[in-house]
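Report on one structure; see the data block that follows.
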Protein chains: 2
Amino acid sequence: MLKDKKNPQQCQIVVALNMIVGKWKPIILDHLLHGEPLRFNELKKLIPDITQRMLTMHLRELEEHDILTRTVYPQVPPKVEYRITEYGMTLQPMLKTMQQWGANHIEHMKEKDN
Amino acid sequence: MLKDKKNPQQCQIVVALNMIVGKWKPIILDHLLHGEPLRFNELKKLIPDITQRMLTMHLRELEEHDILTRTVYPQVPPKVEYRITEYGMTLQPMLKTMQQWGANHIEHMKEKDN
DNA sequence: CTGAATCCAAACTGATACTG
DNA sequence: CAGTATCAGTTTGGATTCAG
């Protein structure tokens, strides 16, 4: 199944976590969740510090999980588009909740410093 | 600040993620979120496969992030209790959202197999 | 009972060079 | 343009031993 070695007690939270863990995955998702499909190089430009290797690997994993689709246009030079799936869109509420908690946490830390 | 090497674009989602990533952290949180304080050994028994080392490390990190408190009772043998903080309780909605998505995803995968 | 310390293996990420 | 391949570095987790 999944990387269930990492999910010793079949925790549902971990199942959800496995969709979005990876150094750059949340950022990739953030860009694709806007709805517009993006080409490999467009993502690369939006995430300047990512390596081609990591971008490829993360995109492949997200594709495996039905979060996005990969469409190859048979052209020279090649064109490949990545688009969020309907199913991938269901991550939206979860990610939004996390984003809000994260924003709040940044404030929490500032207060703590005082 | 935080482990911001791991958060290249100051993504708020990653800030939230950093609270709960770690092999056993979601499970630890799950147990403590019930509200009852738990001793080190009680947690160890609830999570049989965790090593003492990992339990200690995860608890320390959660403590650093104000998610839980560590209370030492000066006794012999020692007694140490871990209790979720009020702030830690604010993780609840986020974790519940993730849990629901995870549960749904398990169903999604079953359908896919057919 | 609740750890800390050490050593080791596996997983993850980065850098670089090459290709259809 | 959109990758693949290889190698090196970093991080994470596990096993074991020792200690207040």
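All figures in this text were calculated on a predicted structure; none of them were measured in a lab.
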(request) Mind running a 4.0 Å heavy-atom check of residues 32-41 of chain B against DNA chain C and sending the residues that fall below it, in number order? (result) B:Arg39, B:Phe40, B:Asn41
Partners passing side-chain contact (heavy atoms from CB on, under 4.5 Å) against [X] (at least two apart in sequence or in another chain):
X       : result
B:Gln52 : B:Phe40, B:Lys44
A:Glu36 : none
B:Lys96 : B:Gln100

For [X] and [N], give me the distance from atom [atom1] to atom [atom2], rounded to whole Å.
X       : N      : atom1 : atom2 : value
A:Leu55 : C:dA15 : CG    : C1'   : 16 Å
A:Glu81 : D:dA2  : CD    : P     : 9 Å
A:Gln75 : D:dC1  : CD    : C1'   : 10 Å
B:Tyr82 : C:dC1  : OH    : P     : 14 Å
A:Lys44 : D:dA2  : NZ    : C1'   : 12 Å
B:Leu59 : C:dC1  : CG    : C1'   : 14 Å
A:Arg70 : D:dA2  : CZ    : C1'   : 8 Å
B:Lys79 : C:dT2  : NZ    : P     : 10 Å

(request) Can you check each nucleotide of nucleotides 14-20 of chain D against protein heavy atoms at under 4.0 Å and return B for base, S for sugar-phosphate only, - for none, in 5' to 3' order? (result) BB----B
(message) I'd like to check the side-chain hydrogen bond (donor to acceptor under 3.5 Å, both in side chains) partners of A:Asp66; sequence neighbours left out, ordered by chain and number.
(response) B:His108
(request) Go through the structure and list residues passing side-chain hydrogen bond (donor to acceptor under 3.5 Å, both in side chains) with B:Thr90, not counting sequence neighbours. (result)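 Only A:Trp101 meet the side-chain hydrogen bond (donor to acceptor under 3.5 Å, both in side chains) criterion with B:Thr90.
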(request) Take the C1' atoms of the five end pairs on each side of the helix from C:dC1-D:dG20 to C:dG20-D:dC1, derive the two axes, and give their angle rounded to 10 degrees. (result) 40°
(message) Going by salt bridge (Lys or Arg N to Asp or Glu O under 4.0 Å), name the residues that satisfy it together with B:Glu86, two or more places apart in sequence or in a different chain.
(response)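 Checked B:Glu86 against salt bridge (Lys or Arg N to Asp or Glu O under 4.0 Å); zero matches.
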(request) List in chain and number order the residues that pass salt bridge (Lys or Arg N to Asp or Glu O under 4.0 Å) with B:Glu64, two or more places apart in sequence or in another chain; answer none if no residue qualifies. (result)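 Listed in chain order: nothing, the list is empty.
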Donor-acceptor list for residues 68-80 of chain B side chains, cut-off 3.5 Å, not counting sequence neighbours:
unit_1  : atom_1 : unit_2  : atom_2 : d
B:Thr69 : OG1    : B:Arg83 : O      : 3.4
B:Arg70 : NE     : B:Tyr82 : OH     : 3.3
B:Tyr73 : OH     : B:Glu81 : OE1    : 3.1

(message) Please tell me whether B:Tyr87 and A:His105 form a close aromatic pair, meaning their ring centres lie under 6.0 Å apart.
(response) yes
(request) Take A:Lys45 and A:Arg60, find for each the nucleotide of DNA chain D with the closest heavy atom, and name the residue whose nucleotide sits nearer the 5' end. (result) A:Lys45
(request) Answer yes or no: is there an ion pair linking A:Glu107 with A:Lys110, defined by an N-O contact shorter than 4.0 Å? (result)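 Looking at A:Lys110 together with A:Glu107, the answer is yes, because their closest N to O distance falls below 4.0 Å.
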(request) Answer yes or no: is there a side-chain heavy-atom contact under 4.5 Å between A:Leu43 and A:Leu59? (result)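 Heavy-atom side-chain distance check passes, below 4.5 Å.
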